[in-house]
Number of protein chains: 2
Amino acid sequence: MEEIDKDHVDKILAQWRRERPELDVSAMGLLGRLARLRAHVSREQEKVFAEHGLTSASFDVLATLRRSGPPFQLSPGDLLAATMVTSGTMTNRIDQLEKAGLVERLNNPEDRRGVIIALTSEGLKRINAAATAHVANQQRLVAGLAPGDREALDALLRKFLATLE
Amino acid sequence: MEEIDKDHVDKILAQWRRERPELDVSAMGLLGRLARLRAHVSREQEKVFAEHGLTSASFDVLATLRRSGPPFQLSPGDLLAATMVTSGTMTNRIDQLEKAGLVERLNNPEDRRGVIIALTSEGLKRINAAATAHVANQQRLVAGLAPGDREALDALLRKFLATLE
DNA sequence: CCGCGATATCTTGACGTCAAGATAAATTGC
DNA sequence: GCAATTTATCTTGACGTCAAGATATCGCGG
């Protein structure tokens, strides 16, 4: 009577158990659900970013600048440290945002190797609006989960994350 | 006294609360940890795939063929249904795998629009070895989490996923 | 048995990402 | 002061992904 609904990931595990019964797939369920969940959440979030002419990449940079507080300026190195991407990726992100007029590269008076990335006033407006929509959308995405489950899940994700970083 | 260690995500939330106190960022912690966790896991998994000359994209296709059982053949449409990507992406994945000699496109005798993607013997060897290494690596990735926590986390992820798909 | 909407797969063009390495300026140590 | 090392950022080339649309074939309704 204790039937739990099988989801997509359960079917994959069942196939592996049939084809390669000697493999221990006990971790695959958890990691598979993590991946699938992330893919769904990610796509839903992208839709909201797109409504504001942004991608998750550009939102990520603008949001980092915005939440750093006035004057909304950081070096590429600072942005790099905050965003889990490589330097080449960050250069490209900044290039795109600069083309779009949402940030500008200023000379760094203290270090001629470096530059300062600054939100333009258009960039500030854009990220303020996008962030408002984004957090509302995040609320919607977790709305199907009971508040107690959300807390429990967050606590476990925190624990897990701590083992990896 | 109940101090929980602040992680990277907590710092982001604190910044938003300072800069945009009117925003309800209560869902951002959970979703942010999910994203970060997935990024870490993903990269660790890529390393193992790379040791076998694969990427997560190519592993994904080969694994789907492998766990479907003999004769290790599926249509692009079947693969599409199993893998959360678009048809253009699947065409590209198959192209790459075909170039690498790991799968081949066979004519579908029952439908001239369609083809059948079949693992080559080299592809079978490759995915068997890669899958063995991959599941071992997955065990390693969750090893830092107590077994009870793993179960609880998996159950919550399942619940959450069910609300989205 | 024919026309036409449905289906299976591929093509195109624009991005985003990474690894590896290039460039230029700052800093360190003698 | 100056060479060697380190640091900050950018460049290059190869992939992977998507959305939108192109092709070719299937199969249904008349």
Side-chain angles (χ1 to χ4, degrees), chain A residues 35-36 38-40 42-47 49-51 53-62 64 73-100 102-118, chain B residues 35-36 38-40 42-47 49-51 53-62 64 73-100 102-118:
Chain A
R36 241 181 131 75
R38 173 57 189 154
H40 285 296
S42 200
R43 283 178 196 187
E44 291 299 316
Q45 293 187 160
E46 290 281 2
K47 288 182 196 168
F49 298 148
E51 287 168 9
L54 299 175
T55 61
S56 59
S58 54
F59 179 90
D60 199 21
V61 173
L62 295 182
T64 303
Q73 299 183 353
L74 293 171
S75 70
D78 293 335
L79 290 169
L80 214 46
T83 54
M84 291 188 92
V85 298
T86 62
S87 66
T89 296
M90 186 53 68
T91 296
N92 183 49
R93 286 181 174 192
I94 295 166
D95 285 348
Q96 301 304 317
L97 285 168
E98 198 172 31
K99 265 188 222 164
L102 303 178
V103 305
E104 49 189 352
R105 281 182 167 94
L106 308 177
N107 291 323
N108 181 341
E110 295 173 358
D111 187 337
R112 253 169 297 186
R113 290 170 306 181
V115 295
I116 299 286
I117 310 303
Chain B
R36 239 181 133 74
R38 173 57 189 154
H40 285 295
S42 198
R43 282 177 195 186
E44 291 299 316
Q45 293 187 160
E46 290 281 3
K47 288 181 195 167
F49 298 148
E51 286 169 9
L54 299 174
T55 62
S56 59
S58 53
F59 179 90
D60 199 20
V61 173
L62 295 182
T64 303
Q73 299 182 353
L74 292 170
S75 70
D78 294 335
L79 290 169
L80 214 47
T83 54
M84 290 188 93
V85 298
T86 62
S87 65
T89 296
M90 185 53 68
T91 297
N92 183 49
R93 286 181 175 192
I94 294 166
D95 286 348
Q96 302 304 316
L97 285 167
E98 198 171 31
K99 265 188 222 163
L102 303 178
V103 305
E104 48 190 354
R105 280 182 167 94
L106 308 178
N107 291 324
N108 182 341
E110 296 173 358
D111 187 337
R112 252 170 296 185
R113 290 170 305 181
V115 296
I116 298 288
I117 310 303

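Throughout, protein chains are lettered first and strands after them, A, B, ... in sequence-line order, and every chain is numbered starting at 1.
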inquiry  = Please report the distance, rounded to the nearest Å, between CZ in F59(B) and P in dG16(D).
reply    = 15 Å
ask   = At their closest point, which heavy atom of I116(A) faces which heavy atom of N107(A), and how far apart are they?
value = CG1-O, 4.3 Å
key: Flag side-chain contact, heavy atom, 4.5 Å: Q96(B) against R93(B)   = no
task = Grab the two heavy atoms, one from M90(B) and one from P76(B), that are nearest each other, plus how far apart they are.
result = CG-O, 4.2 Å
query = What is the distance, rounded to the nearest whole Å, between atom CG of N107(B) and atom P of dA8(C)?
reply = 17 Å
note = I94(B) atom CD1 is separated from dT11(C) atom P, nearest whole Å, by 11 Å
key: Salt bridge flag under 4.0 Å for residues R43(B) and E46(B)   = no
inquiry  = For V115(B) and I94(B): C-alpha separation, side-chain torsions, deciding distance, then whether side-chain contact (heavy atoms from CB on, under 4.5 Å) applies.
reply    = CA-CA 11 Å; V115(B) 296; I94(B) 294 166; over 6 Å; no
message = Does anything in residues 110-117 of chain A come within less than 4.0 Å of DNA chain C? Heavy atoms only, and list the residues if so.
response = D111(A), R112(A), R113(A)
Could you go through nucleotides 17-21 of chain C and list every protein N or O atom that sits under 3.5 Å from one of its N or O atoms, giving the distance for each pair?
| unit_1 | atom_1 | unit_2 | atom_2 | d |
| --- | --- | --- | --- | --- |
| dT17(C) | OP1 | R93(A) | NH2 | 2.7 |
| dT17(C) | OP2 | R93(A) | NE | 2.9 |
| dC18(C) | OP1 | R43(B) | NH2 | 2.8 |
| dC18(C) | OP2 | T86(A) | N | 3.2 |
| dC18(C) | OP2 | T89(A) | OG1 | 2.7 |

ask   = Taking side chain as C-beta onward, heavy atoms only, is T89(A) less than 4.5 Å from T83(A)?
value = no
ask   = Between dA8(D) atom P and M90(A) atom CE, what is the distance in whole Å?
value = 14 Å
Under 4.0 angstrom between T55(A) side-chain N/O and dG16(C) OP1 or OP2 = yes
pair R105(B)-I117(B): side-chain heavy atoms closer than 4.5 Å = yes
remark   = Rounded to whole Å, CZ of R105(A) lies from C1' of dT9(D) at a distance of 9 Å
query = Roughly how many Å is it from CG in L54(A) to P in dC15(C), rounded to a whole number?
reply = 14 Å
remark   = In short, L79(A) meets L74(A) closest at the heavy-atom pair CD2-CD1, 3.9 Å
Separation of dT12(D) P from D95(A) CG (nearest whole Å) = 12 Å
task = Give the intermediate values and the outcome of side-chain contact (heavy atoms from CB on, under 4.5 Å) for residues T55(B) and S58(B).
result = CA-CA 5 Å; T55(B) 62; S58(B) 53; 3.2 Å; yes
inquiry  = Without decimals, in angstroms, what is the distance between N108(A) CG and dC10(D) P?
reply    = 12 Å
